[in-house]
Amino acid sequence: MTRKTILVTGSRGLVGQAIKYTIETEPAGSRFGKHDNETWIFTTSADADLRDPEQTRKLFDKYKPTHVIHLAAVVGGVFANMRANATFLRDNMLINDNILHTSYLTKVDKVVSCLSTCVFPDKITYPIDETKVHLGPPHGSNFGYAHAKRTVDIQNHAYREQYGCNFTSAIPTNVFGPNDNFDLDDAHVIPALIHKCYLAKENQTPFIAAGTGKPLRQFIYSRDLSKMFIWMIREYNDVEPVVLSTGETDEITIRQASDAIVRAVGFKGEYSFDPTKTDGQYRRPVSNEKLMSLMGGFEFTPFEEALDFTVKWFMENYDTARTGTNKNPVTASVA
Amino acid sequence: MSGNVILVTGGSGLVGQGIKHIIETEPAGSRFGKRDNETWIFATSSEGDLRDAEQTRKLFDKYKPTHVIHLAAIVGGVFANMKSNASFLRDNMLINDNILHTAYLTKVKKVVSCLSTCVFPDKVTYPLDESKIHLGPPHPSNFGYSHAKRTVDIQNRAYKEQYGCNFTSAIPTNVFGPYDNFDLEDAHVIPALIHKCLLAKENKTPFVVAGTGKPLRQFIYSRDLGKMFIWMLREYDDVDPVILSVGEAEEITIKQVTDAIVKAVGFQGDYTFDTAKADGQYRKPASNKKLISLMGGFEYTPFEDALDFTVKWFLENYDTARTGMKKKTAA
């Protein structure tokens, strides 16, 4: 069997850590476990600043990857993006160009890059699916980041057409899990609610979630997502992206998520919603039909179980988790 | 009045030469003429490869522009694009990033970049206007080039929002004029027909035009376009692009174009249409309402005059014009 060296960029993050966990714990040789002919390399920004072509090339020369799972990006919450759309656009385009062009030059067999549901058009018909990525402009708040990610799909098509490169992409939706960003100023909704609830318990203050709790979302556990990335790097060879998500019938309300968090944290104090705060979009359903038909089904971790684990992880690892500096849940910008 | 230094990248091309002609011939101080406080630099690729950040920075350090009209690009015909969408995407993104980022770093006051009508979505409702650029994917044949150009509009908005940079863009449609690319392998329709007609005349062979001649297009003369770029650079400060075109009522058929070329070349022989060949899209009307309302009207050079001049220029400058393979007769 030919040897594979699989380089995972951005592996300090939520998704990269999950892939690492799965590769290290699933039975060797199993569907999602490490295979004998594989060497897995997990790199972070400490190994190379991927905005720099020289450093990127040195990284490739050092590890000589045959495959790349490209997760590295410059990311931030809504407010960080709104203040710096040019930086988010340019830095991510630099990273992506360096990874893809270096992969082309060093004849990497395959690259699976990570897009995001924010690449989809703001005005769109639901459910969202892989064919709709370019049908209109993305949301204005993070258009720089969204455009840089969309460009990866364009680059994948271009490199495939001109050079025959096997480049493709995955579009995860609403990921949560251990090693997330729990910074109250820019975390996504689940880590933000977990952090707020935890602080409310510690400080014996009320836990007040923003909004009505009625909006619906599909959430995917990072460790389930990681299995899908492992499947893609081994078995998916089309240039078109794949949405990696739970099914549309697995939508849950923010209230349901929040209730589950309260249970997992063991919060006993005052718990309510502040309907004067903004809800965001009511529904953003995403289709995972393509994924399911290609993988032949998937056993998702039940939401409560995944959430419970994430909360326990956060409480045990509070001191080293990415919690930011704002410890005042009242002034949290999100959730 | 402190001086403005206006750097025109891609200065040797069709549009760059159009701007240069206007600046050098319009009365000084007139609406489109050179102003006292302006220095105009027309740079070409021989001065620096703009795909390289270092060389771009050296160019800016040399001239210290206060303003930039950014026309430089890697361009080619349909077949060149189809073979190299990755190169057209990447090289143009490198050029555009180098120009815009260097302009930001060196505090250039304004950049007007040149987009193209090919940036518009393939499936779109007509007429084209400035609001429709991002409403769907562009035509696949040159998606790399189109995407690189579309990204300029995204970059303009991002740099304006984050840094307050005064970056904007123009979208010319169907330009023709002297200094065009007349290479039969990849020229646009007017220069291709001019070249074919000339060869037919020289070789005493029939002049056969591909298609039915029925499709309609709006064509803009490069020297008229040159004036519009000068106007934009001096007076237009919005981030949204402006389409630079003749009006929809000025659409003409390919047959009308061919008749005018035949007349200007003085071709006397057989002239027919090969209706078995593809026509391309029947109509692609673009609206110039925004341009005309902002400029307060514009006196276009009559099409026949512009075409006649272009043909005469080509005949006189054949040996130095961009003609590619000179002896081809097929298109």
Side-chain angles (χ1 to χ4, degrees), chain A residues 51-54 80-94 96-98 100-105 119 121-124 131-165 167 239, chain B residues 51-54 80-94 96-98 100-105 119 121-124 131-165 167 239:
Chain A
R51 293 171 300 183
D52 177 42
E54 279 290 313
N81 272 274
M82 284 170 71
R83 281 195 297 262
N85 267 303
T87 305
F88 278 88
L89 172 68
R90 185 165 196 268
D91 283 359
N92 282 300
M93 301 253 274
L94 287 171
N96 298 332
D97 179 61
N98 287 332
L100 293 178
H101 203 63
T102 307
S103 295
Y104 153 66
L105 291 174
V119 305
D122 187 34
K123 294 187 181 6
I124 191 174
T131 65
K132 301 182 178 181
V133 173
H134 301 286
L135 296 187
H139 193 270
S141 60
N142 62 347
F143 73 92
Y145 175 82
H147 194 85
K149 288 284 185 184
R150 282 188 180 199
T151 301
V152 168
D153 182 51
I154 305 292
Q155 289 167 294
N156 288 345
H157 280 84
Y159 277 88
R160 159 96 43 153
E161 190 189 84
Q162 184 172 349
Y163 305 120
C165 296
F167 293 174
V239 71
Chain B
R51 292 172 299 185
D52 180 71
E54 277 293 312
N81 272 275
M82 283 170 72
K83 282 197 296 264
S84 307
N85 267 302
S87 304
F88 277 87
L89 173 67
R90 186 164 196 271
D91 284 354
N92 282 299
M93 300 254 272
L94 287 170
N96 297 334
D97 178 61
N98 285 332
L100 294 178
H101 203 64
T102 307
Y104 153 66
L105 291 173
V119 306
D122 186 34
K123 295 187 183 2
V124 71
S131 69
K132 298 181 180 182
I133 294 172
H134 301 286
L135 297 186
H139 194 271
S141 60
N142 62 345
F143 74 92
Y145 175 83
S146 297
H147 194 85
K149 289 283 186 185
R150 282 186 178 200
T151 301
V152 168
D153 180 54
I154 304 295
Q155 289 165 295
N156 288 346
R157 294 170 194 284
Y159 278 89
K160 169 156 290 205
E161 189 188 85
Q162 184 171 347
Y163 303 121
C165 296
F167 292 176
V239 73

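Only this structure's heavy atoms are used, side chains among them; waters, hydrogens and symmetry mates stay out. To find a chain, count down the sequence lines: A is the first, B the second, and so on, and within it residues start at 1.
Using a 4.5 Å cut-off between heavy atoms, B:Ile154 touches chain A through backbone and side chain atoms alike. Of the two parts of A:His157, the backbone and the side chain both hold a non-hydrogen atom closer than 4.5 Å to a non-hydrogen atom of chain B. Only the side chain of B:Glu161 comes within contact range of chain A, with at least one heavy atom under 4.5 Å from a heavy atom of that chain. Residue contact with chain B, scored on non-hydrogen atoms closer than 4.5 Å, is absent for A:Tyr104. Proximity to chain A is limited to the side chain of B:Tyr163, based on heavy atoms less than 4.5 angstrom apart.
Partners of B:Arg90 according to the salt bridge (charged side-chain N to carboxylate O under 4.0 Å, His left out) rule, which considers only residues two or more places apart in sequence or in another chain, are A:Asp97. Contacts of A:Arg160 classified as salt bridge (charged side-chain N to carboxylate O under 4.0 Å, His left out), with partners at least two apart in sequence or in another chain: none. B:Phe88 meets the ring-ring contact (aromatic ring centres under 6.0 Å, His included) test with no other residue; sequence neighbours excluded.
Closest heavy-atom contact between A:Gln162 and B:Asn85: OE1-N, 3.5 Å. B:Tyr159 approaches A:Ala86 most closely through the heavy-atom pair N-CB, 4.0 Å.
Interatomic distance, A:Leu135 CG to B:Lys123 NZ, rounded to the nearest 0.5 Å: 11.0 Å. Atoms CD and CG, from A:Glu161 and B:Leu89 in turn, are 11.0 Å apart once rounded to the nearest 0.5 Å.
Within residues 142-151 of chain A, the residues having any heavy atom closer than 4.5 Å to a heavy atom of chain B are A:Phe143, A:His147, A:Thr151, listed by residue number.
Among B:Lys83, B:His147, B:Met93, B:His134, the residue with the largest count of heavy-atom pairs under 4.5 Å with chain A is B:His147. Ranked by heavy-atom pairs under 4.5 Å with chain A, the list B:Ser84, B:Cys165, B:Pro121, B:Pro140 is led by B:Ser84.
Just one of B:Gln155, B:Arg157, B:Gln162 meets the side chain to side chain contact (heavy atoms under 4.5 Å, CB included) condition when paired with A:Leu89; it is B:Gln155.
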